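Notes follow once the structure below has been shown.
Worth knowing before you read on, the calculation uses all heavy atoms, side chains too, and leaves out hydrogens, waters and symmetry mates. Please read all numbers here as calculations on a predicted model, not as lab measurements.
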Amino acid sequence: MCGKKKIAIIGGGISGLSAGVYACLQGLDAELYESHHSVGGECTTWHREGYEIDGCIHWMTGTKPGTSWRELWETCGALSAETGVVNHERITSSMDGQGGIYHLYSDIKKMEDELLRISPDDRKAIKELIRRVKIFQKVKPPIVKPMDMLSVWEKLKFFLPYTFVVRDLLAGMKISVADYVQRFRSPVIRRLLLSVSTDRRHVNTLFLAIACRTNGDGGWPLGGSLRMAQRMQQRFETLGGKVFLNSKVEKIVVERGRATGIRVQGETSVRPFDFIVPAMDIHALLNQLLEGNYSLPYYEKRFADIEKYPLISSMQIAFSVKTDLRHRPHSMTLEPSRPLIVGGERINHVHVRHYTYDPAFSSDGNTLTVIWFANFAFDRWEALKEKSEQEYQSEKKRIGDLMLAELQRVYPETDGKAHVIDVATPLAYHKFCNAYKGAYMSFLSRPGTMPENHRGVIDGIDNLFLAGQWVFPDGGLPLALLSGKFAIQRLAKREGRKG
């Protein structure tokens, strides 16, 4: 059973569940408050016409047994030896103008051979790409404890093995993915690489993502996002933690430099706690739960300069497909056959993905298929919806119809056997996840910006510890997981506990 000191965790996403597990392992009496009807946060699914639509995982770092990330997932109950994981032979595929299909393989040797086959003229650039990926294959993240808790010796011990690649790492931070792919003459290779990392990020994110996949550590956990979050919930509750669903926290009460409790929507009394871990959207935390009373320059700088620190959201169009697509690549990246403008942005490529490999999303020859693309147009979508609900729905239908035509172009056998079942705009992530401007990840790492983690505390509140992907640049599920652990380690250090 958990101990006597009480901790409130606000938010039931991956970071909140992680914090809950580690809090219980520290002997704390942990309670988790989630505003939604289920845990998961942005790691979630929803249902349309009998289909389950996954709104989060495309692939996940930490699925490979024996890795440090996998150990964290297993500690929190997300993965186990019984969890099925699909490691696709291909990261993605693409088409040329004549209908030829080309692949970005998960095996690095096959990847190199395929890229050389696609474009022998790009041999020099291909060799350099493979060299950079192999560097990142050897890089291990510092996930034992927060960097600010490492001793000088521990930092030297971690960074020393990587001194020989410092020049490469620094160079990669100065160039965007969009600029980097222009080194390749082949439009097919450019399209394949752009499918791996958003074009606005610095190119190290591309190398790291490919390194993860080619290391066999970027699989798909069968059952998808929500089931993984539910396994974490089960682990938390088994350790003695309590989960309160449909319980929106409206305010964190702070008295004389300490967070003394929380007020839940619909209640007049304050629930008292010894510690509080907000594992939620940082903008909502600062401006709603803390009522704008605390200044965090780290975030103020980023929210004020959205060009330098962009927030990414997406469009996801889901289809019911009543034909078997098992013989088709599970993921295709392509340029739209006609100009596609969404929210004032030109969309240069979209990703088509079917789920025949997972019974949770397909059965009896029917399969969920989605088209996904990044979209930074939250403000335009919000303005359109406020102006006219009819116009908003009409624009969603226009995009759905265009994407259905693209689906039928890529998979001709779906003609007459597929229809749109859902069009999710960036407003969906804002509405259901309380995510600022519909962001499903935190601030993207742009060229020229050095990576900088937040230190996970707020000056003036000595018993509140931040969790969530917002404490890291880029964010993502593994970092959300790590942030929950780090929050409890900071708490343990403050209390003189062994972390």
Side-chain angles (χ1 to χ4, degrees), residues 9 13-26 43 57 59-80 83 85 135-163 165 169 204-205 207-219 221 228-229 232 235-236 277 279 441-443 445 450-457 465-494 497-499:
I9 298 157
I14 297 303
S15 57
L17 291 165
S18 168
V21 168
Y22 281 99
C24 284
L25 293 174
Q26 275 287 330
C43 190
I57 299 175
W59 58 275
M60 191 176 81
T61 303
T63 56
K64 184 178 181 179
T67 62
S68 53
W69 281 116
R70 174 66 182 240
E71 183 180 348
L72 293 186
W73 287 118
E74 289 181 348
T75 297
C76 292
L79 300 177
S80 69
T83 307
V85 173
I135 288 173
F136 278 88
Q137 283 183 330
K138 299 174 183 177
V139 173
K140 292 181 171 56
I143 64 176
V144 175
K145 56 185 175 181
M147 190 65 68
D148 53 275
M149 288 176 58
L150 294 177
S151 67
V152 173
W153 167 245
E154 287 173 323
K155 290 178 181 177
L156 285 172
K157 186 177 178 181
F158 173 76
F159 286 111
L160 202 57
Y162 304 122
T163 53
V165 295
L169 297 179
N204 284 349
T205 62
F207 303 141
L208 182 61
I210 296 177
C212 180
R213 302 293 293 274
T214 53
N215 268 340
D217 193 27
M228 189 178 76
M232 293 180 70
R235 166 71 165 154
F236 173 55
V277 172
M441 293 177 71
S442 71
F443 308 101
S445 294
M450 292 295 291
E452 180 186 5
N453 301 340
H454 189 265
R455 56 196 181 92
V457 296
F465 305 90
L466 301 178
Q469 59 176 340
W470 290 92
V471 300
F472 297 101
D474 286 314
L477 290 184
L479 292 178
L481 176 80
L482 188 62
S483 74
K485 175 189 175 184
F486 280 5
I488 302 305
Q489 286 179 314
R490 289 190 170 100
L491 183 159
K493 181 181 179 181
R494 181 74 58 89
R497 296 167 176 258
K498 186 177 180 181

Polar side-chain atom of [X] near backbone of [Y] as donor-acceptor pair, under 3.5 Å:
{"X": "Lys485", "Y": "Val144", "result": "yes"}
{"X": "Ser18", "Y": "Leu481", "result": "yes"}
{"X": "Arg70", "Y": "Ser80", "result": "yes"}
{"X": "Arg235", "Y": "Ala78", "result": "no"}

Can you tell me how far the [atom1] atom of [X] sits from the [atom2] atom of [Y], to the nearest 0.5 Å?
{"X": "Phe236", "Y": "Cys24", "atom1": "CZ", "atom2": "SG", "answer": "5.0 Å"}
{"X": "Ile135", "Y": "Leu208", "atom1": "CD1", "atom2": "CG", "answer": "12.5 Å"}
{"X": "Ile9", "Y": "Ile488", "atom1": "CD1", "atom2": "CD1", "answer": "5.5 Å"}
{"X": "Met147", "Y": "Glu154", "atom1": "CE", "atom2": "CD", "answer": "10.5 Å"}
{"X": "Ile143", "Y": "Phe486", "atom1": "CD1", "atom2": "CZ", "answer": "7.5 Å"}
{"X": "Trp470", "Y": "Asn453", "atom1": "CH2", "atom2": "CG", "answer": "14.5 Å"}

For the student: nearest non-hydrogen atoms of [X] and [Y], plus distance:
{"X": "Thr63", "Y": "Gly219", "result": "OG1-N, 2.9 Å"}
{"X": "Cys43", "Y": "Met228", "result": "SG-CE, 4.0 Å"}
{"X": "Gly468", "Y": "Ser483", "result": "N-OG, 2.7 Å"}
{"X": "Arg455", "Y": "Val457", "result": "NH1-CG2, 3.1 Å"}
{"X": "Trp69", "Y": "Pro478", "result": "CZ3-O, 3.2 Å"}
{"X": "Trp59", "Y": "Ala209", "result": "CZ2-CB, 3.9 Å"}

Only one of Thr83, Thr61, Thr67, Leu79 passes side-chain contact (heavy atoms from CB on, under 4.5 Å) with Trp73; say which it is. Leu79
Do [X] and [Y] come within less than 4.5 Å of each other through their side chains, counting heavy atoms only?
{"X": "Lys140", "Y": "Ser68", "result": "no"}
{"X": "Met232", "Y": "Ile14", "result": "yes"}
{"X": "Phe136", "Y": "Cys212", "result": "no"}
{"X": "Val85", "Y": "Met60", "result": "no"}
{"X": "Leu466", "Y": "Val277", "result": "no"}

Between Lys493 and Lys145, does a side chain to side chain contact (heavy atoms under 4.5 Å, CB included) hold up when you go through it step by step? CA-CA 11 Å; Lys493 181 181 179 181; Lys145 56 185 175 181; over 6 Å; no
Partners passing side-chain hydrogen bond (donor to acceptor under 3.5 Å, both in side chains) against Ser445 (at least two apart in sequence or in another chain): Asp474
Could you tell me whether Glu452 atom CD has more than 12 heavy atoms of other residues or ligands within 6.0 Å of it? yes
